[in-house]
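This report refers to the structure that appears directly beneath it.
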Amino acid sequence: LFNNFHTFIIKFVYYKGKYVKTNNYDITFKAITQLYNRGYEEFIFISEDLDTSITRIERKNGFIDAIQSIGANSNIIKVESQTSYIELSKELMKYINISKKVAIFAAHDKILQKVFRASKYIGWDIPNQVGIIGFDNWNWTIYASPSVTTIDQPTYQEGKHATKLLIDMIENRDSVLDSAVFDCNIAWKESTNL
């Protein structure tokens with residue numbers, strides 16, 4: 001019932017009219033479930049602006065529902081945009097017990113960078129003590145050591161579809177395009193060892 005309730009809210013309350021988005025809820029749920037199936041025992045969701053961004057709300061809800069589905073321990077951490085990676089490292093150490101295999105899920109690219117830097121600063125063995133996964137495959141994630149697992153969004157396809165919808169609206173045409181939900185992909189890399 002809880003899963004269906006979140007899905008209902010996401011699909012029918014937040015989005016009115018025509019929209020273009022990605023499957024934030026579903027891909028987050030899938031990522032957490034796959035990490036659990038591969039041996040991760042505890043999970044941390046970390047983000048700025050947890051309740052003001054619809055995409056982050058969807059990601060948080062996908063995280064919560066996945067955790068409830070698998071029955072794992074978890075924490076949700078909200079940080080401020082001005083939080084440094086050193087401050088974040090102190091916050092993370094309050095929640096991470098390295099005797100368990102912990103996955104940190106960064107809800108967006110800016111926080112993913114800080115999580116990675118904080119984990120390196122602390123000296124955690126990534127991915128053997130702490131796994132890291134987050135949204136947005138920026139170039140640094142490929143070249144980092146270890147490389148960072150990311151959820152890739154099809155931004156080009158989203159933008160193209162949204163542009164066509166917008167032009168139709170500006171020109172007062174009935175668009176032949178419908179709203180669209182694009183699928184994200186998980187680019188598994190060394191930071192989760194999957």
Side-chain angles (χ1 to χ4, degrees), residues 1-7 9-10 23-136 141 144 146 148-151 184 186-194:
L1 179 64
F2 192 69
N3 289 343
N4 292 337
F5 178 70
H6 274 163
T7 303
I9 286 177
I10 289 166
N23 64 335
N24 290 294
Y25 174 92
D26 295 332
I27 199 68
T28 301
F29 190 100
K30 179 181 179 180
I32 297 303
T33 303
Q34 288 182 349
L35 287 165
Y36 178 78
N37 290 338
R38 296 299 294 254
Y40 283 90
E41 302 169 89
E42 295 186 355
F43 298 84
I44 293 177
F45 181 94
I46 186 163
S47 180
E48 299 170 359
D49 303 319
L50 274 170
D51 299 316
T52 57
S53 164
I54 292 174
T55 57
R56 293 179 194 166
I57 291 169
E58 288 179 338
R59 293 168 188 175
K60 182 179 78 171
N61 289 346
F63 177 86
I64 290 167
D65 287 354
I67 293 299
Q68 288 188 343
S69 173
I70 61 180
N73 290 327
S74 69
N75 287 289
I76 294 176
I77 301 173
K78 178 185 176 189
V79 295
E80 300 301 321
S81 62
Q82 67 272 14
T83 301
S84 72
Y85 76 92
I86 294 173
E87 293 168 322
L88 180 59
S89 68
K90 293 173 186 172
E91 189 68 20
L92 286 172
M93 288 194 306
K94 294 177 190 176
Y95 295 96
I96 292 183
N97 173 3
I98 58 171
S99 68
K100 304 263 186 174
K101 194 163 183 181
V102 180
I104 303 173
F105 187 96
H108 52 91
D109 59 329
K110 187 175 170 187
I111 201 67
L112 179 60
Q113 290 176 343
K114 289 181 183 181
V115 165
F116 185 79
R117 289 185 73 189
S119 298
K120 296 291 269 185
Y121 177 77
I122 294 166
W124 283 325
D125 181 359
I126 303 167
N128 297 314
Q129 292 175 319
V130 174
I132 299 173
I133 182 173
F135 268 83
D136 299 321
T141 63
V148 181
T149 296
T150 55
I151 296 174
C184 296
I186 304 171
W188 297 108
K189 297 195 185 90
E190 295 166 341
S191 70
T192 53
N193 198 27
L194 277 143

Legend entry - Approximate separation, where rounding is to 0.5 Å, of F29 CZ and I64 CD1: 12.0 Å
Inset, instruction - Look up atom CD1 in I151 and atom CG in D136, then write down how far apart they are to the nearest 0.5 Å. - result: 9.5 Å
Inset, instruction - Might you point out which heavy atoms bring C184 and N23 nearest each other, and give the distance in Å? - result: N-OD1, 2.8 Å
Inset, instruction - Sequence neighbours left out, what passes side chain to side chain donor-acceptor pair (under 3.5 Å) with S99? Give chain and number order. - result: N97
Legend entry - Where at least one partner belongs to residues 56-75, residue pairs that pass ring-ring contact (aromatic ring centres under 6.0 Å, His included), sequence neighbours excluded: F45-F63
Legend entry - side chain to side chain donor-acceptor pair (under 3.5 Å) pairs, two or more places apart, involving residues 108-123: D109-W138
Legend entry - Residue pair I32 / Y40, side-chain heavy-atom distance below 4.5 Å: no
Donor-acceptor contacts under 3.5 Å from residues 122-133 side chains, at least two apart:
| from | atom 1 | to | atom 2 | distance (Å) |
| --- | --- | --- | --- | --- |
| D125 | OD1 | N128 | ND2 | 3.3 |
| D125 | OD2 | N128 | ND2 | 3.1 |
| Q129 | OE1 | D125 | N | 2.8 |

Inset, instruction - Decide yes or no for F135 and T55: does some side-chain heavy atom of the first lie under 4.5 Å from some side-chain heavy atom of the second? - result: no
Inset, instruction - For E41, enumerate each residue passing the salt bridge (charged side-chain N to carboxylate O under 4.0 Å, His left out) test, keeping only those at least two apart in sequence or located in another chain. - result: none
Legend entry - Partner residues of A144 under the side chain to side chain contact (heavy atoms under 4.5 Å, CB included) criterion, sequence neighbours left out: F116, W140, V148
Legend entry - side chain to side chain donor-acceptor pair (under 3.5 Å) partners of residues 75-85, not counting sequence neighbours, each pair once: S84-E87
Inset, instruction - Output, in order, the C-alpha distance, side-chain angles, deciding distance and verdict of side chain to side chain contact (heavy atoms under 4.5 Å, CB included) for W188 and L35. - result: CA-CA 10 Å; W188 297 108; L35 287 165; 3.8 Å; yes
Legend entry - Spacing of S53 atom OG and N24 atom CG [to the nearest 0.5 Å]: 8.5 Å
Inset, instruction - Could you tell me the separation between the OG1 atom of T33 and the CD1 atom of I70, rounded to the nearest 0.5 Å? - result: 6.0 Å
Inset, instruction - Only pairs at least two apart or in different chains count here, so list each salt bridge (Lys or Arg N to Asp or Glu O under 4.0 Å) that has a residue in residues 91-100. - result: E91-K94
Legend entry - Results of side chain to side chain donor-acceptor pair (under 3.5 Å) for T141 - residues two or more places apart only: N137
Inset, instruction - Please name the pair of heavy atoms, one in T28 and one in G62, separated by the smallest distance, quoted to 0.1 Å. - result: CG2-C, 4.0 Å
Legend entry - Pairwise side-chain contact, L112 with T150, heavy-atom cut-off 4.5 Å (strictly under): yes
Legend entry - Any residue meeting salt bridge (charged side-chain N to carboxylate O under 4.0 Å, His left out) with D49, in chain and number order, not counting sequence neighbours: R56
Legend entry - Spatial distance of atom CD1 (I98) from atom CE (M93) [nearest 0.5 Å]: 10.5 Å
Inset, instruction - Side-chain contact test, heavy atoms from C-beta onward, threshold under 4.5 Å: evaluate it for K30 versus Q34 and give yes or no. - result: yes
Inset, instruction - Could you walk me through whether I104 and Y95 pass the side chain to side chain contact (heavy atoms under 4.5 Å, CB included) test, one step at a time? - result: CA-CA 10 Å; I104 303 173; Y95 295 96; over 6 Å; no
Legend entry - Minimum-distance pair of heavy atoms, taken over all atoms of I111 and A107: CG2-N, 3.7 Å
Inset, instruction - Decide yes or no for I44 and V115: does some side-chain heavy atom of the first lie under 4.5 Å from some side-chain heavy atom of the second? - result: no
